[in-house]
Amino acid sequence: VFGFTVMVLGLVHSGHLEQAWRWFLDMPERDVVLWTGILQGFMDAGQPEKAKGVFDRMPQQDVVCCSAILQVLARNDRIDEAKSLFDRCPQLNVVSWTVMLGGYAHSGRIHEAELVFRKMPQHDSVSCVAIMNGYVEHGRPDLATSMFFYSNPERDIGHYITVLTALAEMNKLKDARALLERMPEHSPVACTVVLSSYAQAGHMDEAWKLYAALPVKNVVASTAMVHGYAQAGHIKTCEELFFDVMTERDSMAWNSILGAYSQNGAAAKAEAVFAKMPQRDSCSWNLVIQVHAEAGDMDQAGSFFAGMPGRCVVSWNTMMAGYVRCGKMDDALSLFQRMSHCSLISWNTMLEGFAQGRKVAEARALFQSMPVQD
RNA sequence: CUGGGAGAAAGUGCU
């Protein structure tokens, strides 16, 4: 049973969930580790309902699988459900607490995250980083830095990395750089954090120094460099980096070169890369839609949009924004009305369209029916 | 004795 379990979980991790599921059903015995692995597989595949179904059918449950299902709920906007399950869990450990903490922090419920943090029986570096990161992501990077500088936990690399992102968020790039150099050990992730901040701020000279100093040009740092050069309009450098320097390219890396072409209006090159890339995710499709929409070629944009599997909110928004730019408010509006879920950006796009066209009454009506306004 | 499952941290898209 043990050997089979290892194999089935191997299938899960390599993305062969269907096959793993068939093996799972055929197994004579299934232990709690296997059940949990399958549960996690559904979670990773973005099927929280199925994960919950697996959990509910488990013959025995332990602290590990409870934490796993808590995570499923907490990261799918069901944090309150997670809380009620948490309260009924027979056993809790630092992981269970951290799942709840991370769930609240992630959804911006910082106060509740703090309550959990205070109430939990022990802290470790993961839980500290989780709360600090909640601060950074929700507009209080200063609190993250205070935690780092005024308490004295045993600082590990994770603490440094989080506080570097906090400093970057506050545009204190010099401080970040100085802290990076004072770290007890070198960390490529920490270097990459600072490098990305420089790249995002358009300081490609500083970014390049850090990049050059990296012993291994990891794919994340390289992608950040491509993105930075793209923003600066240095397409040639992007191409050299991507095609000549980089050895490993994941889908985000491919998207970064696609984005470089898209941002610079190189529709033909963007299409060529799009055709050539090993896999396309929704981000890739959106970029190729965007390059045509931005150029005002809504027919081309529309044909990619029509052929796109699993269109997401961003895809719809991209199309709408394209129509708005051409002054085709009727088309934009009909898309908007066909959207099943839309975001604040969708509303703002339409609003801007009406404003541009001096459609004051329509703009006002739309504004008043917005569920949220910023 | 070792080996299989859960928690945090870096890069890409729409206003």
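Letters go in sequence order (proteins before strands), and every chain restarts at 1.
Counting non-hydrogen atoms under 4.0 angstrom, A/Val193 reaches the backbone sugars and phosphates but no base. Nucleic acid contact class of A/Arg325 (heavy atoms, under 4.0 Å, all strands): sugar-phosphate only. Looking at heavy-atom distances under 4.0 Å, A/Cys191 makes no contact with the nucleic acid at all. At a threshold of 4.0 angstrom between heavy atoms, the contacts of A/Val32 include nucleobase atoms, whether or not backbone atoms are also involved. Across all strands, A/Val313 comes closer than 4.0 Å to no nucleic acid atom at all (heavy-atom distances). Counting any heavy atom pair closer than 4.0 Å across all strands shown, A/Thr318 reaches sugar-phosphate atoms only and no base atom. Among the protein residues, A/Thr5 comes within range of the nucleic acid bases, having at least one heavy atom under 4.0 Å from a base atom. The residue A/Thr349 sits close only to the backbone: its heavy atoms come under 4.0 Å of sugar-phosphate atoms, none of a base. Note on A/Asn93: a base of the nucleic acid sits closer than 4.0 angstrom, heavy atoms only. Residue contacts for A/Val94: at a heavy-atom cut-off of 4.0 Å it reaches a base atom on one of the strands shown. Residue A/Ala253 is in base contact, counting any heavy-atom pair closer than 4.0 Å across all strands shown. Residue A/Ser282 is in base contact, counting any heavy-atom pair closer than 4.0 Å across all strands shown.
Between the CG atom of A/Leu287 and the P atom of B/C14 there is a distance of 7 Å, given to the nearest Å. Taking atom CE of A/Met319 as the reference point, atom P of B/U15 lies 14 Å away to the nearest angstrom. Straight-line distance from the CG atom of A/Asn348 to the P atom of B/U15: 11 Å, rounded to whole Å. Here B/A9 presents its C1' atom at 14 Å from CE of A/Met147, a figure rounded to the nearest Å. As rounded to whole Å, 9 Å separates atom C1' of B/U15 from atom CG of A/Leu344. Per the geometry, CE belonging to A/Met277 stands 15 Å off P belonging to B/U12, to the nearest Å. Going from atom CG of A/Asp156 over to atom P of B/G7 covers 17 Å, rounded to whole Å. A straight line from CE of A/Met7 to P of B/G5 spans 16 Å, rounded to a whole angstrom.
A/Glu239 and A/Tyr229 share no side-chain donor-acceptor pair at under 3.5 Å. Judged by distance alone, the side chains of A/Asp124 and A/Ser127 do bring a donor and an acceptor atom under 3.5 Å apart. The closest side-chain donor-acceptor pair between A/Ser222 and A/Tyr211 falls under 3.5 angstrom. A donor-acceptor pair shorter than 3.5 Å cannot be found between the side chains of A/Asp87 and A/Ser84.
Judged by distance alone, with hydrogens and angles left aside, A/Asn218 brings no side-chain donor or acceptor close enough to the base of B/G11 to form a pair under 3.5 Å. For B/A6, the base has a donor-acceptor partner in the side chain of A/Ser67 [N/O atoms by modelled type, under 3.5 angstrom].
For A/Asp124, counting side-chain heavy atoms from C-beta on, the closest listed nucleotide (B/G7, B/A8, B/G5) is B/G7. Closest to the side chain of A/Val64, from the set B/G7, B/A6, B/G11, is B/A6. Picking from B/G11, B/A8, B/G5 the nucleotide with the shortest atom distance to the side chain of A/Thr36 gives B/G5. Side-chain proximity of A/Asp31 to B/A10, B/G11, B/G4: nearest is B/G4. Of the listed nucleotides (B/A9, B/G5, B/U15), B/G5 has the atom at the smallest distance from the side chain of A/Gln40. Between B/G5, B/G7, B/G11, one nucleotide has an atom nearer to the side chain of A/Asp62 than all others, and that is B/G5. Closest contact between the side chain of A/Val129 and the listed nucleotides B/G11, B/A9, B/G7 involves B/A9. Listed nucleotides: B/G7, B/C14, B/A9. Nearest to the side chain of A/Thr165: B/A9. Side-chain atoms of A/Leu9 lie closest to B/G5 of the nucleotides B/A8, B/G7, B/G5. The listed nucleotides are B/G5, B/A6, B/A9; the one nearest the side chain of A/Glu137 is B/A9.
Between A/His227 and B/G13 there is a side-chain N or O to OP1 or OP2 distance below 4.0 Å. Distances shown here put a side-chain N or O of A/Gln71 below 4.0 Å from the OP1 or OP2 atom of B/A8. Of the side-chain N and O atoms in A/Arg75, none sit less than 4.0 angstrom from OP1 or OP2 of B/G7. Between A/Asn317 and B/U15 there is no side-chain polar atom (N or O) within less than 4.0 angstrom of OP1 or OP2.
For the pair A/Ala270 and A/Leu258, the tightest heavy-atom approach, listed with the atom from each and the gap, is O-CD1, 3.2 Å.
Few gaps surround CE on A/Met27; more than 12 heavy atoms of other groups in view lie less than 6.0 Å from it. When the shell of 6.0 Å around CG of A/Asp77 is examined, it contains 12 or fewer heavy atoms from other residues, nucleotides or ligands.
In this structure, the side chain of A/His159 does not engage the main chain of A/Arg155 through any donor-acceptor pair within 3.5 Å.
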